[in-house]
Amino acid sequence: MKIAVLVSGGGTNLQALIDYQKSHADCPYEIDVVISSTKTAYSIERAKNAGIDCVIKSPFAVMGKDAASAASREEKNIAVSNAILEECKSRGIKGIVLAGYLSVLTGDIISAYSNRIINLHPALLPKFGGVGMWGHNVHEAVLAAGEKVSGCTVHYVDGGCD
């Protein structure tokens with residue numbers, strides 16, 4: 001299955017997906033493209049090192065500086081989501097993995113890829129989800145709360161937010 005991996009940061013989950021794909025001949029997926037929400041994400045280097053195409057789909061890349069600066073958060077989310085949808089359709093992508101992707105997908109991409117978009121969240125939801133709960137912030141919050149059990153939640157993406 002050809003997949004797109006959406007990223008925003010360092011890309012440790014992306015690297016795990018790359019490593020699994022390279023080390024397992026029977027891997028059920030092939031990462032066709034990495035789509036980053038920012039041009040400074042280290043994930044881009046990980047993709048390049050693995051020989052995987054990478055594209056930037058940020059509000060500024062999709063809308064242009066002036067339009068993005070004047071747009072609402074919802075307008076930016078729709079523009080980026082639509083650009084990602086078009087990228088995925090043009091490549092024949094069958095599934096999408098959000099691996100540390102910090103933006104919200106919305107609009108037609110949700111229905112076009114219904115039950116084929118998964119999110120990797122670094123905590124056991126519903127605890128430690130929402131605004132600011134990404135990467136090390138999650139792990140620090142789990143430790144500060146004195147939790148005895150921690151883990152990762154993998155879930156299908158729908159119109160809501162984790």
Side-chain angles (χ1 to χ4, degrees), residues 1-59 61-62 77-130 132-139 141-142 147 149-162:
M1 171 189 288
K2 282 175 61 171
I3 66 168
V5 180
L6 279 55
V7 298
S8 295
T12 55
N13 283 327
L14 170 63
Q15 189 64 58
L17 292 167
I18 291 169
D19 292 347
Y20 188 88
Q21 178 180 306
K22 287 190 175 203
S23 65
H24 291 78
D26 62 344
C27 181
Y29 61 85
E30 172 195 352
I31 304 169
D32 184 70
V33 64
V34 170
I35 301 174
S36 178
S37 65
T38 175
K39 64 182 180 182
T40 59
Y42 186 69
S43 300
I44 296 167
E45 291 303 312
R46 293 180 190 273
K48 285 180 184 175
N49 291 340
I52 300 169
D53 285 347
C54 188
V55 296
I56 310 302
K57 297 294 182 189
S58 69
V62 171
N77 286 342
I78 287 283
V80 169
S81 295
N82 287 342
I84 292 170
L85 175 59
E86 289 309 312
E87 183 75 32
C88 290
K89 286 166 96 177
S90 74
R91 292 174 172 270
I93 297 297
K94 300 299 181 195
I96 300 171
V97 176
L98 309 185
Y101 186 68
L102 300 180
S103 296
V104 175
L105 293 178
T106 190
D108 293 341
I109 194 168
I110 301 299
S111 57
Y113 282 90
S114 179
N115 294 321
R116 295 185 292 143
I117 307 174
I118 61 171
N119 183 43
L120 311 177
H121 183 78
L124 297 174
L125 294 171
K127 290 183 178 181
F128 310 106
M133 288 292 109
W134 55 270
H136 67 87
N137 296 343
V138 170
H139 305 300
V142 168
E147 293 291 329
V149 176
S150 187
C152 177
T153 301
V154 179
H155 64 86
Y156 288 110
V157 172
D158 59 20
C161 292
D162 61 24

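Note that this is a predicted model, so its numbers are computed, not measured.
- Within the 3.5 Å criterion, the main-chain N or O of G95 finds no donor-acceptor partner in the side chain of Y29.
- Between I3 atom CD1 and R91 atom CZ the span is 12.5 Å, to the nearest 0.5 Å.
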I18/V5 under side-chain contact (heavy atoms from CB on, under 4.5 Å): CA gap, chis, key distance, verdict: CA-CA 10 Å; I18 291 169; V5 180; over 6 Å; no
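- Within the model, atoms CD of E45 and SG of C54 stand 9.0 Å from one another, a figure rounded to the nearest 0.5 Å.
- The two residues G92 and K2 come nearest to each other via the heavy atoms O-CB, 4.1 Å.
- Counting non-hydrogen atoms of neighbouring residues, nucleotides and ligands closer than 6.0 angstrom, the NZ atom of K48 reaches no more than 12 such neighbours.
- Atom CG of D108 has 12 or fewer heavy atoms from other residues, nucleotides or ligands within 6.0 Å.
- Here the side chains of S58 and V80 are not in contact, with every heavy-atom distance at 4.5 Å or above.
- Scanning both residues, V62 and A79, for their nearest heavy atoms gives CG1-O, 3.6 Å.
- Checking L105, I117, V34, V97 one by one against L6, the side chain to side chain contact (heavy atoms under 4.5 Å, CB included) holds for a single residue, L105.
- A donor atom on one side chain and an acceptor atom on the other are found under 3.5 Å apart for D19 and Q15.
- Distance check, rounded to the nearest 0.5 Å: CG of N77 to OG1 of T106 gives 6.5 Å.
- Between S43 and L14, the closest heavy-atom pair is O-CD2, 3.6 Å.
- For the pair Y113/I93, a side-chain contact is recorded, criterion being any heavy-atom separation below 4.5 Å from C-beta on.
- A 4.5 Å side-chain heavy-atom check between I96 and C88 finds at least one atom pair inside the cut-off.
- In this structure, CD1 in I109 is found 8.5 Å from CG in N82, a value given to the nearest 0.5 Å.
- M1 places none of its side-chain heavy atoms less than 4.5 Å from the side chain of R116.
- A distance of 9.5 Å separates CG of L85 from OG of S90, quoted to the nearest 0.5 Å.
- In this structure, D53 CG and I31 CD1 are separated by 12.0 Å, a value rounded to the nearest 0.5 Å.
- In this structure the side chain of S8 reaches within 4.5 angstrom of the side chain of S37, judged on heavy atoms.
- Side-chain contact check for Y101 versus I84: some heavy-atom pair is nearer than 4.5 Å.
- For the pair T12/R46, a side-chain contact is recorded, criterion being any heavy-atom separation below 4.5 Å from C-beta on.
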